[in-house]
Amino acid sequence: MNGSMPFMKICIHRGAKEIGGSCVQIEACGESILIDAGMPLTGESDSPPIPPTIDFESLNGIVISHPHQDHYGLLPWMPSLPVLMGDAARRILRAAAPFMRKPPLTLDGPSLVDRQTVSLGPFRITPYLVDHSAYDSYALLIEADGKRLFYSGDIRMHGRKRKLIEQLMAIPPVQLDVLLLEGTTLGRASSVAPEPEEAIEDELVGIFRATTGIALVHVSAQNIDRLVSVFRACLKTNRTLVVDLYTAEILAATGNRHIPQSDWNRIALCIPQRQRLQIKKAGLFEALERHSRHRIYPKTIAKNPGGYALIFRELWMADLERANCLDGACLIHSQWDGYLKEDRLRDIDVWRQAHGMPFHQVHTSGHASPDDLKRLVTALKPKTLVPIHSDRPESYRELYSCVTTRSDGEWWRV
Ligand SMILES: [Zn+2]
């Protein structure tokens, strides 16, 4: 017989004061789960950066909120335990794997489905599908031993799924003991409200119209909202969207027939030389076959470059140059502008300038603005707000009165 008060123990192993590498452990009744097992965004090290404070003894499962490296990247070094994540997220990571130079992932485990509670030991886990730049992203309600914690994951309110957050705020989970809230934009942002994804589509339309040659759009193929914007801009400007096999596979992995697919009209598959080698090496002939209904070659693009927009990555540079596809071309950087400082982006910029291509920055963040975060906390009314995924934890006091800042590796009781 146990007469003690119920409690939950929480530890942010990493992410209490930084963006990226999120890893949280929750313990109740002698068992525990990890919420996210992320790779830090800064500094490549030789040994995997596993937080030393993780208690592996009690661990019985790993929940991954969404398929971004800084939330799942540590999985290859985790013990083989059930991995709970969305089905589409799982398919996306599996589809991406053959194209990446990364250690293999084991991803077997129960599925996260919007608002369907799963049990794991003493934990009841209820995922809420949210708006974020990764497809199939969830916030998580974790209940155990009479305590309730809500983890925002990465979240925004200006993408194509923002209605989901409005629904969450309209009928919020109640009596939350703790809210772990991401705050990526805190202290970083201007006071200007973030542009909605639809405005990005309009900007792309304007640039596509003003460009006589091919429009190269440098964007993550896993930012599905953005691929939709690029495709819709193509439809409005009579361009065909060119994707490579990696992008075609990611689009298919969403399992969503409303998301553009390689066999749709106005979409074409084109394989750069370096990817041809990857296909050979990884034996991806069946996938190539599956996406080849509208296959074209760089020389096709060269005949009418103004008829195309292309999902661009570094590996395209040599092929586009060789086939003379770049007359009148432009380059659109459709990602966080912080990446522009990285070496690989500098190489692309040198190449762009050598070809006299205009540069455009067209992007909206994957993360909620401070104002939107404030609306969310106000709706969720937690007893305590704990910062995570932010490099400005001190700024949370502007959002809410009951803020407790924690340190990486610190265990506390709720
Ligand atoms: Zn994310």
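As the structure is a computational prediction, the values presented were derived from the model and not from experiment. Each ligand, and each atom within it, is numbered from 1 in the order the structure gives.
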Of Leu84, Asp136, Asp87, Ile64, which is the lone residue that meets side-chain contact (heavy atoms from CB on, under 4.5 Å) with Leu112? Leu84
Given ND1 of His68 on one side and NE2 of His66 on the other, what angle do they make at the Zn ion (ligand 1), to 10°? 100°
Would you please classify the geometry between the His333 ring and the Phe359 ring as parallel, tilted or perpendicular, with 30° and 60° separating the classes? parallel
Please determine whether His71 has a backbone or side-chain N, O or S atom lying under 2.8 Å from the Zn ion (ligand 1). no
Restricting to N/O/S atoms, is Asp154 within less than 2.8 Å of the Zn ion (ligand 1) or not? yes
Could you point out which residue of Glu198, Glu203, Arg160 forms a side-chain hydrogen bond (donor to acceptor under 3.5 Å, both in side chains) with Ser229? Arg160
Minimum-distance atom from the Zn ion (ligand 1) among N, O or S atoms of His132: NE2
Is the closest side-chain donor-acceptor distance between Glu31 and Asn60 under 3.5 Å? yes
